[in-house]
Amino acid sequence: MKILSVTLRLCLAYIAISLAVVSCQKDDKSDVQPTLMREVKEEIVLSKNGYLEFSSPDLFEKTIAALNGKTGEEMKQWEAQYQFTSMKTVFDAGLQEAERLTAAGDQGGEDGHQGAFKRLKDGPLTTNVYLIDVAPLVNKNGLVKVGKVIFQYSYDYLKVITDGDAGKIGLLAKTNQTDES
C-alpha cells in the first residue's frame, strides 16, 4: 500500500508539473506562417509598348491620389523612375512650344504632340483626356494597363481591352462600338 501511495503521489506530481509547464508556455501564434496566403506585390512597370502597367486598380487609384498636386519637377522625377513620359508631360511641352511660337508670330506647337492634344470647339487646347487626373498616368496615346485590362483614355471616349492582349492595341483606332464576344 505504501508503494501504491508513493507511486500515486509521483504520478500526481508529474501531472501537476506537466500542466504547469504546458500552461506557462508562450501562446504566440505570430510565429505561424500562413501557407495558403500569398503576398500580392503591388508594382508599376513600363511595358515594352511604352505605357504603364499597374498591378491592381487599388494601386492605380492610390497613385492618382499621390500625384495629385505634385509640382512639375516632382512629376518629372516620378516619371523618370519608370523611364516614362506621360500625356501630361507631352501636353505641357507642346503647350510651351505653342506659346513660344505664338509669341514669335507663328502657329503650331501641336506637331509632334498630336496624341496629347484636343482642340475644343471654341478654340483652346486641352489634354486629350477627359479625366484630367489620369493624364500623368497614361502615355501620349492615352494607354495604361490596370490589372489585366488595357484602357485607352481620350477626351471623347474610353476604350477597353478586357483580356489585356497588347496585340489588340492597333485595333483601338478602328473600334467604334462594343464587341460583346
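Predicted model only: the values in this text are computed from it and were never measured. Hydrogens, waters and symmetry mates are skipped; everything else that's a heavy atom, side chains included, is used. Here, residue 1 is the first one in the sequence, and each next residue gets the next number.
Val45 is not connected to Ile161 by any chain of hydrophobic side-chain contacts under 4.5 Å among Ile, Leu, Val, Met, Phe, Trp and Tyr, and they are in different clusters. Leu131 is connected to Val144 through a chain of hydrophobic side-chain contacts under 4.5 Å among Ile, Leu, Val, Met, Phe, Trp and Tyr, so both are in one cluster. At a threshold of 4.5 Å between side-chain heavy atoms, the hydrophobic network of Ile, Leu, Val, Met, Phe, Trp and Tyr places Val160 and Met87 in one connected group. A continuous path of Ile, Leu, Val, Met, Phe, Trp and Tyr side chains, each step under 4.5 Å between heavy atoms, connects Ile64 with Val146, placing both in one hydrophobic cluster. Hydrophobic cluster membership is shared by Phe54 and Val138, with clusters built from Ile, Leu, Val, Met, Phe, Trp and Tyr side chains linked at under 4.5 angstrom.
Under the 4.5 Å side-chain criterion, counting only non-hydrogen atoms from C-beta, Asn49 is not in contact with Leu143.
Taking NZ of Lys70 as the start and NZ of Lys76 as the end, the distance is 16.0 Å to the nearest 0.5 Å. Annotation: the span from Phe84 atom CZ to Leu137 atom CG amounts to 7.0 Å, rounded to 0.5 Å. Of the inter-residue distances, the one linking Ile44 atom CD1 with Leu59 atom CG reads 4.5 Å to the nearest 0.5 angstrom. Rounded to the nearest 0.5 Å, atoms CG (Leu46) and OH (Tyr51) are 10.0 Å apart. For the atom pair CD1 of Ile132 and OH of Tyr155, the computed distance is 9.5 Å after rounding to the nearest 0.5 Å. Atom NZ of Lys159 sits about 14.0 Å away from atom CD1 of Ile150, to the nearest 0.5 Å.
Of all heavy-atom pairs between Pro136 and Glu79, the closest is O-OE2, 4.4 Å. In terms of heavy-atom proximity, Met75 sits nearest to Leu67 at SD-CD2, 4.0 Å. Taking all atoms of both residues into account, the shortest heavy-atom contact from Leu172 to Gln152 is CB-OE1, 3.4 Å. Among all heavy-atom pairs drawn from Ser86 and Ala135, the shortest one is CB-O, 3.5 Å.
Under a 3.5 Å cut-off, the side chain of Asp163 and the backbone N or O of Asp165 do form a donor-acceptor pair.
In Gln83, the CD atom is not crowded: 12 or fewer heavy atoms of neighbouring residues, nucleotides or ligands sit closer than 6.0 Å.
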